Amino acid sequence: MPELPEVETIRTAIEPLIRGERLIEIELRDRTIIRGDAEAFRSSVMNTRVTDVTRRGKHLLLLLETGRGIALHLRMTGSLLLKEPERPNRVRAVLSFANGTRLFFSDMRRLGTITPVESIEDYICRLGPEPLGDEFTPDRLACCLAKHRIPVKAALLDQHIVAGIGNMYADEALFEAGMHPLTPANALRDEQIFHLCQAIRAVLERAITCQGASINTYALPNGERGTAHDTFRVAHKQGAPCPECGATIARLMIRKRGACYCPSCQHLRNDSTV
DNA sequence: CATTGTCCCTGGAAGC
DNA sequence: TGCTTCCAGGGACAAT
């Protein structure tokens, strides 16, 4: 599932291929991928030049010379491939550029979206801070968490609080911070939040180094798989032994989402020493 | 306002 | 073996 590290890996791969290039064709094999009017979208971006390829959280952003942009969200099973994949029926859109680069938006479960963006700033301001950026600080995270009594796991998945963390990296960050996923967000002490901040950065940076986690359908644009899942310690590890203490990794449901954690290493009490 | 629940979507796994 | 049911989860939206 593409989360921040996967989207960043994709961004890094395609940026040198399409930056400065003109978008010459948009093939919509499934026009429901466009949020809004598909024809209006096509005419508004056709034959414009891509000036930059950026990312905010899990959103991949193509900035255009017109000042507008295109936001791509891969959701659960989306991928951006440079060649027609083996399952062409899963391709929902193809973006073609003047230099011959073609991006195939493949998406088995058809939950991904392409959104026309009038103002990048207006689009981005709906999202929380970028966890690898300077604006993501322990103070800011503490300020956000203090407003909520929801489980800290649910808070990490809230893109208004911090952008880019999905289910598997939330589990990994909470393990790294020694924090039980059900800990109320507003019960965390400043010291714990500091450690959580560090854990989030460490987990995401490690995953980017591994070019993302290919547990299911995620692949790099060239079709290769990432290896971040090989470094996972609790995510998708239910029933396996904890790498730290050997206890069996448990799984519970929080808001209909699975949460894998070590019942021995991750404590609910907030007086635990980290 | 804060929080929880529902829906969307498909394929693989599990159960009968 | 073949059918049905459930589950995976990101985010918009509805309900409480």
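Naming: A, B, ... by sequence-line order, numbering from 1 per chain. Since the structure is predicted, the reported quantities are computational estimates derived from the model, not experimental observations.
Proximity of A:Gln159 to the phosphate of C:dG10: no side-chain N or O atom is located under 4.0 Å from OP1 or OP2. The phosphate of C:dG11 has OP1 or OP2 within less than 4.0 Å of a side-chain N or O from A:His73. Under 4.0 angstrom from either OP1 or OP2 of C:dA8 there lies no side-chain N or O belonging to A:Lys256. Considering only side-chain N and O atoms, A:Arg126 lies under 4.0 angstrom from the phosphate OP1 or OP2 of C:dA12.
Atom OG1 of A:Thr48 and atom CD1 of A:Ile70 lie 6.5 Å apart (nearest 0.5 Å). Here the SG-CD distance, from A:Cys242 to A:Glu244, works out to 6.0 Å after rounding to the nearest 0.5 Å.
Residue A:Met76 is in base contact, counting any heavy-atom pair closer than 4.0 Å across all strands shown. Residue A:Met253 is classed as a sugar-phosphate contact, given heavy-atom separations below 4.0 Å to backbone atoms only. Across all strands, A:Arg92 comes closer than 4.0 Å to no nucleic acid atom at all (heavy-atom distances). Among the protein residues, A:Leu111 comes within range of the nucleic acid bases, having at least one heavy atom under 4.0 Å from a base atom.
The shortest heavy-atom contact between A:Ala173 and A:Leu196 is O-CD1, 4.3 Å. The heavy-atom pair separating A:Arg87 from A:Arg90 by the smallest distance is NH1-NH2, 2.7 Å.
With no hydrogens or angles considered, a side-chain donor-acceptor pair links A:Glu6 and A:Tyr169 at under 3.5 Å.
The distance between atom CZ of A:Arg257 and atom P of C:dA8, rounded to the nearest whole Å, is 10 Å. In this structure, the CD1 atom of A:Ile215 is 13 Å from the P atom of C:dA8, given to the nearest Å. The distance between atom CG of A:Leu127 and atom P of C:dG11, rounded to the nearest whole Å, is 8 Å. Rounded to whole Å, the distance from CZ on A:Arg149 to C1' on B:dT3 is 9 Å. Here the P atom of nucleotide B:dA2 and the CZ atom of A:Arg255 are 13 Å apart, to the nearest Å. B:dT3 atom C1' lies 14 Å from atom CD1 of A:Ile254, rounded to whole Å. Between A:Asp158 atom CG and C:dA12 atom C1' there is a gap of 13 Å when expressed in whole angstrom units. Computed from coordinates, the A:Leu157 CG to C:dA12 P distance equals 14 Å when rounded to whole Å.
At a cut-off of 3.5 angstrom, counting only N and O atoms as typed in the model, there is no donor on one side facing an acceptor on the other between the side-chain of A:Arg75 and the base of C:dG11.
Remark: A:Lys58 does not engage A:Glu8 in a salt bridge, criterion side-chain N to carboxylate O under 4.0 Å.
With a 6.0 Å radius and a threshold of 12 heavy atoms from other residues, nucleotides or ligands, A:Arg102 has its CZ atom at or below the threshold.
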At a cut-off of 3.5 Å, list every protein nitrogen or oxygen paired with a nitrogen or oxygen from nucleotides 10-12 of chain B, distance to 0.1 Å.
residue: B:dT10; atom: OP1; partner: A:Arg110; partner atom: NE; Å: 3.1
residue: B:dT10; atom: OP1; partner: A:Arg110; partner atom: NH2; Å: 3.3

N/O contacts under 3.5 Å, protein versus nucleotides 5-7 of chain C?
none

Quiz: residues 253-266 of chain A side-chain donor-acceptor pairs under 3.5 angstrom, not counting sequence neighbours:
residue: A:Gln266; atom: OE1; partner: A:Cys262; partner atom: N; Å: 2.7
residue: A:Gln266; atom: NE2; partner: A:Leu174; partner atom: O; Å: 3.4
residue: A:Gln266; atom: NE2; partner: A:Met179; partner atom: O; Å: 2.8

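Figure legend: A:Arg140 and A:Phe136 shown without cation-pi pairing, the cationic atom not lying both under 6.0 angstrom from the six-membered ring centre and within 45 degrees of its axis.
The distance between the ring centers of A:His73 and A:His59 falls below 6.0 angstrom.
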